[in-house]
Number of protein chains: 2
Amino acid sequence: MAYAEQYIDKLRKSGLRPTKQRIKICEVLFDTDKTFHFTIKELVKIIENQANIKVSLATVYNTVHAFIKKGYLKEIPLNASQSYYDTNVTHHHHFFDEEENRLIDIHQDDVDEVNIKKTIPGKKIKSVEVIAKIVSDNQSQK
Amino acid sequence: MAYAEQYIDKLRKSGLRPTKQRIKICEVLFDTDKTFHFTIKELVKIIENQANIKVSLATVYNTVHAFIKKGYLKEIPLNASQSYYDTNVTHHHHFFDEEENRLIDIHQDDVDEVNIKKTIPGKKIKSVEVIAKIVSDNQSQK
DNA sequence: TCAACAGTTTAGAATAAATATAATGTATTA
DNA sequence: TAATACATTATATTTATTCTAAACTGTTGA
Ligand SMILES: [Mn+2]
Ligand SMILES: [Mn+2]
Ligand SMILES: [Zn+2]
Ligand SMILES: [Zn+2]
């Protein structure tokens, strides 16, 4: 785990003390190049399974929120009952697979610039997000 | 209130018994041509203020969900802590004013068809929604 | 090196949205 | 109008999330 030092750095540079709980959470979240979408419940389960250390629910929430504040994570409220979080903090869009309850990234370049003709006086657009819901394509076309 | 009969009809046609609670909720929700975006809390407050009848929270939730099922309302999970609901059940998009916590409709025609280049094998797109976050435009450009 | 301080973790309590329960009430139908 | 199915209600429950306050740990400067 030469990764640990990398995370210690990342945390230090953000003014967060590198505690073993935060390093563990970093490992789970960032030890891969792939985007990771998760709910708090899922994250806790993963930590419980692979860690020798225990991390309290409060710490998981606090750390996730600290990372959001620092720009390491993004919150995606897709669901009324539970938030999703995203390690991909670049501007991008999503498929949401309604059958598997799973988010899939759509790179910004894979969506033509969204052109909105309507404007609101005194307001400017800060961000535009596209969510495309997907389901099984059961066309049996031989 | 010649409206009441209209709502009684609407409810009957959907297999919902026209009770005075449901009619009242219909009045609050549908007594205008304008789209109405609301949270449960806001809806309850409005009913309390303008109605002579009392409607329990359970009935508000039950009725809102019944209307969602019937296609009279749409749920919009924008916020992790509370859902928004929408009387506009046509396919459309939204501005979300982050300062006033307010949804504003964008008609489908006001957004060019969103072209997504990425596809997921075995899956087809069911719906596409655009959410544009807006904030005050404090450019003082004389 | 280590004491002092600031920041962190934790168990558990609190909050609040949403849902479930089950008793009571009401609309419908014959 | 009686029987029935459905609806409303107060209340309890569930569950995600946040708060609290005490114990703990990382950092820093003497
Ligand atoms: Mn949050
Ligand atoms: Mn719901
Ligand atoms: Zn993503
Ligand atoms: Zn709308």
Side-chain angles (χ1 to χ4, degrees), chain A residues 4-5 7-28 37-45 47-48 51-70 72-85 101, chain B residues 4-5 7-28 37-45 47-48 51-70 72-85 101:
Chain A
E5 276 150 47
Y7 298 138
I8 291 175
D9 256 26
K10 195 173 182 177
L11 290 166
R12 277 234 170 78
K13 280 177 183 152
S14 317
L16 292 176
R17 286 186 181 169
T19 61
K20 64 179 191 302
Q21 290 85 351
R22 284 181 180 155
I23 291 165
K24 183 71 222 171
I25 293 172
C26 281
E27 281 171 21
V28 173
H37 299 107
F38 62 94
T39 63
I40 294 291
K41 202 194 271 183
E42 289 164 355
L43 179 54
V44 167
K45 192 173 292 174
I47 292 169
E48 272 174 5
N52 22 3
I53 63 168
K54 188 183 181 301
V55 182
S56 74
L57 190 61
T59 295
V60 174
Y61 271 106
N62 290 342
T63 304
V64 165
H65 282 133
F67 286 168
I68 288 170
K69 208 179 194 175
K70 291 298 173 187
Y72 295 166
L73 291 176
K74 223 170 27 171
E75 184 169 8
I76 302 180
L78 259 186
N79 199 288
S81 63
Q82 208 178 21
S83 263
Y84 282 77
Y85 300 88
N101 265 73
Chain B
E5 276 151 50
Y7 298 138
I8 291 174
D9 255 27
K10 194 172 183 176
L11 290 165
R12 277 234 171 78
K13 280 176 183 154
S14 317
L16 293 175
R17 285 185 180 168
T19 61
K20 63 179 190 302
Q21 290 84 351
R22 284 181 180 153
I23 292 164
K24 182 72 224 171
I25 292 173
C26 281
E27 281 170 22
V28 173
H37 299 108
F38 61 95
T39 63
I40 295 291
K41 201 194 269 180
E42 289 164 355
L43 178 55
V44 166
K45 192 173 292 174
I47 293 168
E48 273 174 4
N52 23 2
I53 63 167
K54 185 180 182 303
V55 182
S56 74
L57 190 60
T59 294
V60 174
Y61 272 107
N62 289 341
T63 305
V64 165
H65 282 132
F67 285 170
I68 288 170
K69 207 178 197 178
K70 293 298 173 188
Y72 295 167
L73 291 177
K74 225 172 21 175
E75 184 169 7
I76 302 179
L78 259 187
N79 199 288
S81 64
Q82 209 178 23
S83 263
Y84 282 76
Y85 300 89
N101 265 72

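Just so you know, these numbers use all the heavy atoms, side chains as well, and skip hydrogens, waters and symmetry mates.
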From [atom1] of [X] over to [atom2] of [N], roughly how many Å is that when rounded to an integer?
X	N	atom1	atom2	answer
A:I23	C:dT9	CD1	P	10 Å
B:Q82	C:dT15	CD	C1'	13 Å
B:E75	C:dA17	CD	P	14 Å
A:F38	D:dA16	CZ	P	15 Å
B:E42	C:dA18	CD	P	12 Å
A:L11	C:dA6	CG	P	21 Å
B:K13	C:dT28	NZ	C1'	18 Å
B:N62	D:dT8	CG	C1'	9 Å

Of B:K41 and A:A58, the one whose closest nucleotide on DNA chain C sits nearer the 5' end is A:A58
Mind checking whether B:H65 and B:Y85 have parallel, tilted or perpendicular rings, split at 30° and 60°?
perpendicular
Which nucleotide in the list [options] gets nearest to the side chain of [X]?
X	options	answer
B:I40	D:dT18, C:dA18, D:dA7	C:dA18
A:K54	D:dA16, C:dA20, C:dA11	C:dA11
A:V55	C:dA27, C:dT10, D:dT27	C:dT10
B:S56	C:dT19, D:dT8, C:dA20	D:dT8
A:Q21	C:dT9, C:dA17, D:dC19	C:dT9
A:T63	C:dT9, C:dA18, D:dT9	C:dT9
B:T19	D:dA7, C:dT8, D:dA16	D:dA7

Would you say a side-chain N or O of [X] is under 4.0 Å from OP1 or OP2 of [N]?
X	N	result
A:R22	C:dT9	yes
A:H65	D:dT17	no
A:R12	D:dT27	yes
A:T59	C:dT10	yes
B:Y61	C:dT19	no

Which is true for B:K20 with a 4.0 Å heavy-atom rule: it touches a base, it touches only sugar-phosphate, or it touches nothing?
nothing
What's B:L57 touching, base or sugar-phosphate or nothing? Going by heavy atoms closer than 4.0 Å.
nothing
For the backbone of B:R17 and the side chain of B:R22, can you confirm whether one donor and one acceptor N or O come within less than 3.5 Å of each other?
yes
Test item: B:T63 and B:Q21 side chains (from C-beta on) under 4.5 Å apart, heavy atoms
no
Under 3.5 Å, is there an N or O donor on one side and an acceptor on the other linking the side chain of A:R17 and the base of C:dA6?
yes
Residues A:E48, A:K45: salt bridge by 4.0 Å N-O rule
no
Between B:K54 and B:S56, what is the shortest heavy-atom contact and its length?
NZ-CA, 4.0 Å
Scanning both residues in full, the closest heavy-atom pair of A:Y7 with A:I23 reads CD1-O, 4.4 Å
